[in-house]
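See below for the structure under consideration.
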Amino acid sequence: MEDHLNKQSLEVGCQGARPGEPPDPCVVVIFGATGDLAHTELIPSLYALACQGLLPRSFAIVGSARREWDDDTFREKMKQAVKQELNSYTDEAWQTFASRLFYVQVDIQDEPSGAYRTLKEKIRETRDQFDIPDNVLFHFSTAPSLYGTIVEKLDAASLLKQDDGWRRVVIEKPFGQDEESARRLDRELRCVLDEEQVYRVDHYLGKETVQNMLVFRFANPGFEPIWNRNYIDHVQITAAENAGIGTRAGFYEQTGVVRDMVQNHLLQLLCMTAIEPPVCYDAESLRTETAQVLQAIRPVDVKNDAILGQYDKGEIEGEPVRGYRDEDGVEENSDTPTFVALKLNVDNWRWAGVPFYLRTGKRMNRKVSEVTIQFKPTPHLMFPTEQEGERMKNVLTFRLQPNEGIIYTFLAKQPGADIHLEPVRMNFQYDQAFEIDEPPSAYQWLLLDAMQGDQTLFPRSDWILKAWSIVDPIVKEWESEPWLDLPNYAAGSWGPTEADELLRRDGREWKIL
């Protein structure tokens with residue numbers, strides 16, 4: 001199996017793959033293996049890692065969920081998922097990879113002596129079959145309310161003992177619903193697990209462009225000296241989606257956009273932008289510096305610096321779409337926000353006076369996620385020009401999706417007898433520069449890191465709790481006394497007009513996407 005997969009990795013090309021030895025041989029156990037995340041991310045990512053020769057030579061994957069599947073059913077379902085998600089799929093590679101896939105029916109609420117005992121036996125069988133040491137990575141792809149229960153049951157079934165190997169737990173967001181529940185969940189986990197065993201996923205941190213933000217700034221001496229309040233006017237962070245809530249009404253009605261996106265993804269992007277130079281690129285240094293950024297964020301002036309919204313009916317790519325309140329499962333008069341724009345201030349020496357504008361929403365004009373650094377204009381422009389405003393400023397954009405890359409906009413002279421300035425762009429696209437037909441997904445690196453025991457790209461508990469303390473006042477004030485009439489923006493737009501005013505009152509405007 002390994003020889004074939006390694007051969008295929010050379011054929012499909014693995015530029016960008018991380019060097020080094022594969023992780024320790026282990027068994028990967030996925031709770032919620034019949035769900036969307038396993039289909040779209042987890043199994044395709046593990047398959048891609050295997051094809052690149054980045055998985056250990058001895059490994060097995062055990063899926064578990066309540067459905068009455070067997071090994072063959074699980075393998076067939078995952079085969080269809082991988083074929084749909086990856087262009088690099090081949091029948092030959094899949095046959096060898098699928099031989100390491102197994103399934104156990106587990107009701108999470110069952111007693112440790114029941115389904116968990118069956119799971120324990122399956123892990124033992126796969127270890128014996130493939131000569132795998134006693135190393136197990138558990139991935140929780142379930143409802144967040146079940147995380148504490150799963151850990152408790154695993155512990156009672158003696159599945160978390162590290163007598164002869166290691167146990168690690170990967171937990172998907174959201175980690176709690178507010179600071180109080182996050183602290184409660186953290187206590188439940190820490191009763192059984194050490195911090196070094198817990199891997200809290202924020203998949204944005206696994207994106208190549210997010211990691212390239214650090215490389216761009218700290219590996220290139222031309223930018224770090226100007227990465228401060230003396231040269232940067234403001235920062236914009238946008239994560240726009242043109243999709244609605246789909247079938248997730250039950251989740252979204254309880255969560256809303258602030259909990260779903262700001263508490264994790266957008267604050268992580270802010271931290272990666274504003275971070276002080278870490279001592280080195282390791283878990284302790286990077287996570288300590290990102291936590292310091294959150295500590296420096298000034299409490300939000302909720303009524304003035306937080307704009308919430310909810311989408312109404314409109315058009316996306318020429319097709320009519322429903323408003324949020326018309327979606328299946330949504331209350332008729334729901335006040336759940338689907339859009340938020342925030343102005344945040346980082347009160348430290350580097351960023352004092354530099355506003356960070358964040359926005360994210362559903363049913364916006366198009367799907368795009370990017371971080372934009374707006375540099376200050378020159379104090380005196382010697383060249384004659386009739387143009388003013390944003391077109392005459394230097395802009396650096398880190399684009400996460402689509403077309404991951406880095407874009408730098410600057411001024412140049414247009415060919416001709418006169419001095420006529422025009423903004424031009426230098427565009428680095430990840431896939432083109434490194435000749436990769438299928439850029440690796442964020443989950444590939446996150447799963448690999450978890451198997452290697454590298455927590456660099458996983459938030460620490462203190463970061464999670466501080467992030468909740470920043471967004472909790474926004475959520476609580478809105479839920480106690482909503483101050484806007486909803487819905488207030490049409491599907492297919494860039495959000496409510498109040499979001500434009502948030503920047504306009506500071507003499508700025510959102511970057512045209």
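If you read the sequence from its start, that first residue is 1, and numbering goes on from there.
A distance of 7.5 Å separates CZ in Arg287 from OG1 in Thr456, rounded to the nearest 0.5 Å. Atom CG of residue Leu447 and atom CD of residue Glu41 lie 9.0 Å apart, to the nearest 0.5 angstrom. Annotation: the span from His265 atom NE2 to Gln263 atom CD amounts to 9.5 Å, rounded to 0.5 Å. Atoms CZ and OH, from Arg168 and Tyr199 in turn, are 4.5 Å apart once rounded to the nearest 0.5 Å. Taken to the nearest 0.5 Å, the CH2 atom of Trp494 stands 5.5 Å off from the CZ atom of Arg366.
Side-chain contact of Ser88 with Tyr47: a donor-acceptor pair under 3.5 Å is absent, judged by distance alone. For the 3.5 Å distance criterion, the side chains of Trp445 and Glu208 qualify, holding a donor opposite an acceptor. Between the side chains of Tyr231 and Asp233, no donor N or O sits under 3.5 Å from an acceptor N or O. Between the side chains of Tyr357 and Asp506, at least one donor N or O lies within less than 3.5 Å of an accepting N or O. With no hydrogens or angles considered, a side-chain donor-acceptor pair links Tyr324 and Glu253 at under 3.5 Å. Remark: the Thr288 side chain and the Arg460 side chain contain an N/O donor-acceptor pair separated by less than 3.5 Å. Looking at His39 and Gln80, their side chains never bring a donor and an acceptor atom within 3.5 Å of each other.
Ring centroid separation for the pair Phe216 and Phe398 comes in under the 6.0 Å cut-off.
Ring-plane geometry between Tyr408 and Phe223 is classed as perpendicular, the angle between the planes exceeding 60 degrees on a 0 to 90 degree scale with a lower cut at 30. Below 30°, between 30° and 60°, or above 60°: for Trp483 and Trp478 the angle between ring planes is above 60°, a perpendicular geometry.
Thr336 places no side-chain N or O within donor-acceptor distance of the main-chain N or O of Gly256, the cut-off being under 3.5 Å. Between the Gln455 side chain and the Val198 main chain, a donor and an acceptor come within less than 3.5 Å of each other. For Asn220 (side chain) and Gly222 (main-chain N/O), no donor-acceptor pair under 3.5 Å exists by modelled atom type. A distance-only check finds no donor-acceptor pair linking the side chain of Ser285 to the backbone of Tyr281 [under 3.5 Å].
Surrounding CD of Gln401 are more than 12 heavy atoms belonging to other residues, nucleotides or ligands, all under 6.0 Å away. Crowding of Asp36 atom CG: a count of heavy atoms from other residues, nucleotides or ligands under 6.0 Å not exceeding 12. Few gaps surround CD on Gln429; more than 12 heavy atoms of other groups in view lie less than 6.0 Å from it. Within a 6.0 Å sphere centred on NZ of Lys466, other residues, nucleotides and ligands contribute more than 12 heavy atoms. For Asp485, the CG atom counts as loosely surrounded, since its 6.0 Å shell holds 12 or fewer non-hydrogen atoms of other residues, nucleotides or ligands. Enclosure of atom NZ in Lys376 by more than 12 non-hydrogen atoms of other residues, nucleotides or ligands within 6.0 angstrom is indicated.
Looking at Asp305 and Arg505, a side-chain N of the basic residue comes within less than 4.0 Å of a carboxylate O on the acidic one, giving a salt bridge. Asp328 and Arg322 are joined by a salt bridge, as a carboxylate oxygen and a charged side-chain nitrogen come within less than 4.0 angstrom of each other. Using a 4.0 Å cut-off between charged nitrogen and carboxylate oxygen, Arg363 and Glu319 do not count as a salt-bridge pair. Taking the charged nitrogens against the carboxylate oxygens, Glu479 and Arg259 do have a contact shorter than 4.0 Å, which makes a salt bridge. For Arg325 and Asp312, the salt-bridge test fails: no basic side-chain N is under 4.0 Å from an acidic carboxylate O.
Counting only heavy atoms from C-beta outward, the side chains of Gln268 and Trp463 approach each other to under 4.5 Å. With contacts defined as side-chain heavy-atom distances shorter than 4.5 Å, the pair Met364/Tyr311 does not qualify. Taking the side chain as every heavy atom from C-beta outward, Val170 and Leu446 never approach each other to under 4.5 Å. Considering only heavy atoms from C-beta on, Phe251 stays 4.5 Å or farther from Ile245 through its side chain. Counting heavy atoms from C-beta outward, Tyr443 and Thr40 have side chains that stay 4.5 Å or more apart. Looking only at side-chain heavy atoms (C-beta outward), Gln236 and Leu503 come within less than 4.5 Å of each other. Looking only at side-chain heavy atoms (C-beta outward), Glu404 and Lys207 come within less than 4.5 Å of each other. Looking at heavy atoms from C-beta onward, Met451 lies in side-chain contact with Val28 at the 4.5 angstrom threshold.
A pairwise comparison of heavy atoms in Val201 and Phe458 identifies CG2-CE2, 4.0 Å as the closest pair. When all heavy atoms of Ile30 and Leu42 are compared, the closest pair comes out as CG2-CD1, 3.9 Å. Here the closest non-hydrogen pair linking Leu205 and Leu457 is CD1-O, 3.4 Å.
Under a cutoff of 6.0 Å and an axis angle of 45°, Arg229 and Trp349 form a cation-pi pair.
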